[in-house]
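Everything numeric in this text was worked out from a predicted model, so none of it was measured.
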Amino acid sequence: MLDFLKRLFNPEPSNVTARERLRLVLLSDHLALAPDVVESLKADLIAVISKYVDVDDAHCDVTFEQQESVVAMLANIPILGMKPAVRTPRPAPPVDPAPASASVAAEPEAPETAAAEPEPPPAAPKPRRRRRRRANVNAAPAH
Amino acid sequence: MHELRVDPLPAAPPEGQRRGRCIVITSGKGGVGKTTTTANVGVALASTGARVVLIDADVGLRNLDIVLGLEARVRHHVLDVLDGNAELDDALVSDKRVATLKLLAASQTREKDDVDTAAFKDLVDRLRERFDYVMIDCPAGIEMGFQNAIVGADEAIIVCTPEVSAVRDADRVVGLLGDRVKTKLIVNRLRPSLVKRGKMLSVDDVNAILRLPLLGVIADEPGVIVSTNKGEPIALDPASSTGEAYRKIAGRIVGTDTSAPEIPREASFFDKLFGGQR
């Protein structure tokens, strides 16, 4: 309701909407056009995650999806089990992986899904844009 | 500055000594003003005394001749030359106003796929030996016609209007041109009053995405439409601010004008009152 009132009395200029829509669509276009980049991102992602858990490489899937206000990366990475080294709590000195704690073994249930949705630079660029817009208005001499 | 040459077709300079610049005017999206831009920038360039040939690569949808007002002079077209049915010199149409400007018209009755890419590149290379500037009016799209148009070019001018569709397509074309081609930008049909009210993307907005060196900005104004109606490029109108913008673009291409492109301002009340063209 508040949102609606805000929009009613202070509608976002359509060029701001255009800018934002373009930013999203181009991000999505570029990702679609760079399959090799996406492939190497996927490989790196799997490599990082494999440090901590056993991953089912063959069934990993990384896709991008344009949503309402973000382009989301959807990573579907089936996890087979924990890595033995990771089972001990972090703070301890990294010596002695303590096989005793092996009983806490992760039961490889149905493959879990890790989904990550990193927002592309969120709030940060916005104030800058507004400032720029105002600067433009000032720059145009109103005769 | 070049000296104004009057000879209808300048003699070829010694073999291998000259290689004119080949600039393709492209956009991806149709209807953003590629042909108008080609005509006006070409006329403005030729007015500096440079030898300029404009090639209409929009085979099947020939328009550069009518925008230039040369439609009655076209006897042969680019495919006649490529197929060996006409001599190059017979196909080059001389401009009525600027002696150093020639046009090679597109074929209206043929299709873009009829153009052989290698032969087209050879033609461009031949023209580069005889002209300072070979400017190619690229068809819309990114298919064969586009591929043919860019094959011989080492520079490109992207024409983009401040619309989401045009910017998206321009972005795609910039990607397709790659690093081989030196690409610059003309923002066309800007309406300063709309930008001021937040109803149109600004030049900065467009170029925040495309990130190209800006050659110039052309306002959306009636004068351009009127000049196209008449087949008299506005770049030749000394009183027109849009004509001046085109002349400055030509100056930036030649390298004689180092000023930053001006952003057109809103027409004032007095401009509107006294400045109207018919």
| message | Using only non-hydrogen atoms and a strict under-4.5 angstrom cutoff, which residues of residues 184-192 of chain B touch chain A? | response | none

| Do any of residues 160-174 of chain B come closer than 4.5 Å to chain A, heavy atom to heavy atom, and if so which ones, in number order? | V164(B), V167(B), R168(B), D171(B), R172(B)

Counting only heavy atoms from other residues, nucleotides and ligands, does the tally under 6.0 Å from [atom1] of [X] exceed 12?
| X | atom1 | result |
| --- | --- | --- |
| K182(B) | NZ | no |
| R21(B) | CZ | yes |
| R211(B) | CZ | no |

| Looking at CG of D205(B) and CZ of R23(A), how far apart are the two atoms once the value is rounded to the nearest 0.5 Å? |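 Separation between the atoms: 13.0 Å.
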
| query | Heavy-atom distance under 4.5 Å to chain A: side chain of L201(B), backbone, both or neither? | reply | both

| For the student: nearest non-hydrogen atoms of P13(A) and G198(B), plus distance | CB-O, 3.3 Å

